[in-house]
Amino acid sequence: MGEVVAAMAIWPLVSMLVNKAVSSLLDQYKVMEGMEEQHKVLKRKLPAILDVMTDAEEQATAHRDGAKAWLQELKMVAYEANEVFDEFKYEALRREARKKGHYRELGFDVIKLFPSHNRIVFRYKMGRKLCRILKAIEVLIAEMHAFRFKYRPQPPVTKQWRHTDYVIIDPQEIASRSRKKDKKNIVDTLLGQSTNADLTIVPIVGMGGLGKTTLAQLVYNEAQIQKHFQLMLWVCVSDTFDVNSVAKSIVEASTKKNDDTDKPPLDRLQKLVSGQRYLLVLDDVWNNGEFHKWESLKDYLKHGGTGSVVLTTTRDKRVAEIMGADRPYHLNNLEDCFIKEIIEAKAFSSEKEKHVELVNMVDEIVKRCCGSPLAATTLGSVLRTKTSVNEWKAVSSRSSICTEETGILPILKLSYNNLPAHMKQCFAFCAVFPKDYMIDVEKLIRLWIANGFIPEHKEDSLETIGKLIFKELASRSFFQDIEKSKKEYYYGMEKYYYSITTCRIHDLMHDIAVSVMDKECVVVTMEPSQIEELPDTARHLFLSFGGTKGISNDSLEKRPPAIQTLISLESPLGSSLQHLSKFRSLRALRLSRYAHSFLPKPKYLPHLRYLDLSQSYIKALPEDISILYNLQTLDLSNCYYLDRLPMQMKYMTSLRHLYTHGCDKLKSMPPELGKLTNLQTLTFFVAGVPGLDCSDVAELHDLDLGGQLELSQAENVIEAEAKVANIGNKKDLRELTLRWTSVSESKVLDNFKPHDDLQVLKIYCYGGECMGMLQNMVEIHLFHCERLQILFRCGTSFTFPKLKVLTLEHLFNFKGWWEKINERQEEQIIFPLLEKLFIRHCGKLIALPGAPLLEEPFHGGNRLVCTPFSLLESLFIWYSVKLVASRESPLVQEPCSGGYRLVQSAFPALKELALEDLENFRRWDAATEGEQISFPQLEKLSIQKCPKITDLPEAPKLSVLEIEDGKQGIFHYQGDLEPEIPLTVMELGCCNSFFGAGALEPWDYFVHLEELKIHRCDVLVHWPEKVFQSLVSLRRLEIKSCENLTGYAQALVEPSASRRSQCLPGLESLELEDCASLVEMFNVPAFLKHMDISWCHKLEFIFGMPELVKGSSSSEAVVPTAVSELASSPMNYICPCLEHLFVSGCGSLPAVLNLPPSLKTIFISGCSSIQVLSCQLGGLQKPEATTSISPSPIMPEPLAAATTAREHLLPPHLKTLSIRDCAGMLGGTLRLPASLKTLNILGNSGLTSLECLSGEHPLSLEVLDLERCSTLASLPNEPQVYMSLWNLEITGCPAIKKLPRCLHQKLGSIDDDYRILDARYEVMASKPKTWKEIPRLVRERREAARQAREGQQSTIQE
């Protein structure tokens, strides 16, 4: 049997056409008047084609070229016919709106909106189109008979997805067992690199579908790994490997993604990883031909701390070689027993008995899977739909089902071919997304509906069917990594979250979709596209960033393709696609982020069903957008500047989903929204005052809304109680937010009782004293309800049996949890399932809720139980001044050897606890002798501004501690003081009692501490050397805003090698920031790799103390003339392992001497006083050993010569040098070492020339960025310097009259996106291709010369 071919998804397209042809709407408004006969013929002949479609598709799959060509032609005709009938439908909707008065209310010339509204013109135009369609269909029917296609009925689609009562297996669970050994091997490898100073690359190599990504996820989520690495990052790479986009993705994957968003991605990446021991997973790396790009990214990744690892997954062994991996991990096939387990779990239903004959055939099918879990999952899903032995044998007997040559693609194609027709089309559409793209499931279903892919069913909505289709496809492994998460948005300055579900497509499954859609889906990503013209068959287009540059606008103007879907992400379409208005076939359009106004005119988009303008800068939509009568989805979420909606939205009767959350400038809603009877989603509604020209809450009464709804300006609700209750009773609503503008007396919610399926309730500024019955909520969030005194008043139940998250903020009068009615209340646990509790600014709250000792059944008897917070994992309490103590938990009886014992733990599951500004909180109710500790699982504790806390709770697993305004005695436990405190991370803010005179010395207990942060400590004047000697495991030290720290040692002692080795021996990263009095550094340890010093304005030296000698005139800068301090290195280097140095805002620093030769990165910013950069010259001359404060008169002769000649000696292994905004820094010549790859100099007026150091290996730059260097006149002129250059920017450097000849020759090979030059350099590099271009070039050169002269004059004036 030949190769398995994925079938074309055409049947649904023709079926859609049949349904449109018989639509009653066409007859109701007589839009086909005069074309009745053609209409009848079409309705008669189209079903005949449908009858043979199944046979034709099977013959095309069996490599019959004639059948395939016939289907291709049928598809083209079906697309065109669908377009025609969509025009008929729009005309019918237009006439309906006109009948209702839309023309009159629009108030402007409708002829401009509807140029073909004349019925005679419309009939003539559409009659011609319909005749053309008829002729094409008659030809197809004639060929259909010639091919002798047979009638083959399609299986019915109604409700077939409802019988999927199979067991959904957990791939992570099976993987954790089947890949246990592999996981252990990789985990051991990663942990084994903890002392490796070099960046480690560990690729997982194996064929597609083996489970490489799943294995990487197991490793990533391993507890040992999570604890070992300080920074965890995960990025999907796939086909495209663009350095900047990958760098941006890495930064966005971190929690610090919003820092320095204005800086280039590589700079942000460098700052992110610097000094951090990180694990970066690069999933699905493909590109094996971009060695220089990987090396460029790797240079920035090397800034991490010791033990940093990049874990990659790839199918290509060459990728592992290019990445420089010493030990790639080759993943073997999964064992047959696990393959069999997966197949059986997928193939057999949990509710029917397994047939013995089918079970016996599983072993044979296992062999066909080649050890691939994806193949087993997919093949099991195929077999689930086969119920007879013959059907199973037909699947198993395929010779090409899976071989080493073909891999598992034949199995995946077989699974695709086994799908119902409508599911084939839904999945194939996903080829419009790039590989590894994170897909919003809800938006995907909306796109399916917009393109007509969802079959209609009388009993269910299109959305319901779409969800069932997605669920079915996911069960067959067409979708994976399905996750529910919260997407943030803002209301004013406050951050809020919107629930979304996302998924991805396995790259092999994506290949199937691409092979089916062929050229119907076009994806243009960050790489410069090779597409000059869109193919005529293109229907769905995805654009990302500047990808449209490769598409010729001329081709679009001549003959624009019939694009139905256009998704543009962060692309300024106004300049890239000037002919968007010609895309009149659009059904779905997404213009996010960069759209400042609504670009296309609505009259050009009559078929539009899906419009996404989310996160755009639009202030208003045009009024004529209301003529989009087909529009089903309008997404305006997070359009922060949008202040109004079109007044005539009531005529957009097809609208089903309106997303307006994050549009906090909206002050009202358009009138009569209640007429949008199809509306199912409305995420943000501003309640208007009845009688004004806007909608009030009454408009929502008859709308069947679901999902999420936020009701703003609730104070405008008249007869509020009934209307709010009606909103709470909408059965499909899952999240409800009620927001009052300000707090005023109200009783609206006193008897509020929402329906049982409402899960999340958020209330802002409610003025009542109590709430209604909220017992069925999963999440309750109350903000600024300043009059609220109790959570609830009365009812049959006093528990919240489902509540998992409770937030109470700014409830100034909140006193208690309930109003006591009877003693029965004391017998119930109020929050049995609570996992997260946030309490902030509840000034009158005295205690947390408790519960009495109760009995519950236990193994045939009873046990005493009372754990009011038995599942609580996170507890945050801020600004609750009357809270005195944590709840003293009653006893719990639990089994032990020989009987039972009484134990006590109020918070047995608590992992994170934060207390802030609790003035009266004093103690923890610790367990008495023989009882369990208070916080057995606590891992992170934050205590800020709690002055009366005298000790820490007993928490044996505590690893992260944050203290602000705390006392040092807090480290004394109530019980016996442990000899070693298990902390690994500690942050001290304003903790003056920890340092200075009279401070205790508990630091010997912190032998496990790896990270220490000290902020705003006024008494810290000298370096705390005794503290440093105790912290033997410390890897990262951060000191910020200690304004009195000078750094001078308290006693003059010799910095001997033994003393240096005892001071922070394991320190790898040191960060000093905003220490205004700091003058000198301490004796930094030998193994330091990363040093970051910023805004230390008085700092005079870093690597030793120089003797300062002033120049001959006052205008000359201070130049160092000495070197001090002998390092403990055998070669007399200071910081012999230092690789990354960052210095910024240190205006008093006159020089940076003794730069360690090990440095790979130097970043200097805002340090205009630096006049000399010089490297330690080990082996040339050994300076005498001195104390840390004594000057040394010795300078090696070569260094003295370099200083005199104003030449600067850089470290020999330096790869990145960045000098920014240092106007008067340096001077003379900067000699570049051969190792340098990246050079950035911005805003410098001292350097005059750049030269190469002579040596065996010539300099070869990859990135050269020179901006605003007013005195720089000379660049290296050696060809080798620019051979590897791929990123070049030279702007604002007037002294550089012309570029070196060898650099000129390189310009043509540098991509336009990575080449930014002043106009005069670009003109010089240009050569006329024809005589006609010469005048233009002459004008450009004259203009460039004029700009250069003006630049020189402005420099002189400055």
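Just so it is clear, the structure is predicted and the values come from calculations on it, not from any experiment.
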Working to the nearest 0.5 Å, report the span between CG of Leu419 and CD of Gln425. 12.5 Å
At their closest point, which heavy atom of Val205 faces which heavy atom of Pro328, and how far apart are they? CG2-CB, 4.2 Å
Leu379 and Ser415: CA distance, side-chain angles, deciding distance, side-chain contact (heavy atoms from CB on, under 4.5 Å) verdict: CA-CA 7 Å; Leu379 199 53; Ser415 177; over 6 Å; no
With distance as the sole criterion, is a donor-acceptor pair present between the side chains of Asp283 and Thr313 under 3.5 Å? yes
Taking all non-hydrogen atoms of both residues, which atom of Cys369 and which atom of Ile411 are closest, and how far apart? CA-CD1, 4.3 Å
Would you say Leu374 and His506 make side-chain contact, with heavy atoms under 4.5 Å? yes
Smallest heavy-atom separation, Ala67 atom then Ala56 atom, equals CB-O, 4.0 Å
Go through the side-chain N and O atoms of Thr565 and Asn451 and say whether any donor and acceptor fall under 3.5 Å apart. yes
Can you classify the ring geometry of Trp448 versus Phe479 as parallel (below 30°), tilted (30 to 60°) or perpendicular (above 60°)? tilted
In Å, rounded to the nearest 0.5 Å, how long is the span from CG of Leu74 to CE of Met53? 5.5 Å
Roughly how far apart are Ser381 OG and Leu414 CG, rounded to 0.5 Å? 11.0 Å
Do side-chain atoms of Tyr437 reach the backbone of Cys430 as a donor and acceptor pair under 3.5 angstrom? no
Are any of the side-chain heavy atoms of Arg177 and Glu341 separated by less than 4.5 Å? yes
Pairwise side-chain contact, Tyr278 with Leu199, heavy-atom cut-off 4.5 Å (strictly under): yes
Below 4.0 angstrom, N of the basic side chain to O of the carboxylate: do Asp511 and Lys435 qualify? yes
Compare every heavy atom of His422 with every heavy atom of Phe453, then report the nearest pair and how far apart it is. O-CB, 4.1 Å
Any side-chain to backbone donor/acceptor pair from Ser15 onto Trp11? Under 3.5 Å, distance only. no
Please assess Phe338 against Arg179 for the test side-chain contact (heavy atoms from CB on, under 4.5 Å), listing each intermediate value before the final yes or no. CA-CA 10 Å; Phe338 294 110; Arg179 295 296 187 188; over 6 Å; no
Quick one: does any side-chain atom of Glu391 pair with a main-chain N or O of Ser388 as donor and acceptor, under 3.5 Å? yes
Residues at least two apart in sequence or cross-chain that pass salt bridge (charged side-chain N to carboxylate O under 4.0 Å, His left out) with Lys184, listed by chain then number, are Asp188
When you check the gap from the basic side-chain N to the acidic O, do Arg476 and Glu472 get nearer than 4.0 Å? yes
State whether the side chain of Arg504 and the backbone N or O of Gln480 hold a donor-acceptor pair below 3.5 Å, judged by distance alone. no
Rounded at 0.5 Å granularity, tell me how far CD1 in Ile204 sits from CG in Asn185. 11.0 Å
Of all heavy-atom pairs linking Leu190 and His228, the shortest is O-NE2, 4.5 Å
Taking only Lys NZ, Arg NE, NH1 and NH2, and the carboxylate oxygens of Asp or Glu, determine whether Glu335 and Lys180 approach each other closer than 4.0 Å. no
Compare all side-chain heavy atoms of Leu468 with those of His457 and state whether any distance is below 4.5 angstrom. no
Indicate yes or no for a side-chain donor-acceptor contact from Thr378 to the backbone of Ala375 under 3.5 Å, with no hydrogens or angles considered. no
Output for pair (Met232 CE, Tyr220 OH), nearest 0.5 Å, gives 5.0 Å
Check whether Lys212 reaches the backbone of Leu331 with its side chain - one donor and one acceptor, N or O, closer than 3.5 Å. no
Look at the side chain of His510 and the backbone N and O of Phe433, then say whether any donor-acceptor pair between them is shorter than 3.5 Å. yes
Considering only heavy atoms from C-beta outward, does the side chain of Val309 approach that of Val202 to under 4.5 Å? yes
Can you find a heavy atom in the side chain of Thr501 that is under 4.5 Å from one in the side chain of Ile482? yes
Chi angles and distances behind the side-chain contact (heavy atoms from CB on, under 4.5 Å) call for Thr200, Thr189: CA-CA 10 Å; Thr200 301; Thr189 298; 5.7 Å; no
Taken to the nearest 0.5 Å, the spacing of Asn333 CG from Leu210 CG works out to 5.5 Å
Can you find a heavy atom in the side chain of Phe478 that is under 4.5 Å from one in the side chain of Ile505? no
Step through the shown structure and confirm whether more than 12 heavy atoms of other residues, nucleotides or ligands are within 6.0 Å of NZ on Lys911. no
Do the side chain of Ser254 and the main chain of Val251 share a donor and acceptor less than 3.5 angstrom apart? yes
Would the number of heavy atoms belonging to other residues, nucleotides or ligands and lying under 6.0 Å from NZ of Lys804 be above 12? no
State, with a plain yes or no, whether a side-chain heavy atom of Asp507 is found less than 4.5 Å away from one of Cys236. no
Looking at Leu301 and Val310, what are the two nearest heavy atoms and their distance? CD1-CG2, 4.2 Å
With no hydrogens and no angle check, is any side-chain donor or acceptor of Ser372 less than 3.5 Å from a backbone partner on Gly209? yes
Report the C-alpha distance between Gln217 and Asp481 in whole Å, list the side-chain angles of each, state the deciding distance to 0.1 Å, and finish with yes or no for side-chain contact (heavy atoms from CB on, under 4.5 Å). CA-CA 11 Å; Gln217 289 171 341; Asp481 298 338; 3.6 Å; yes
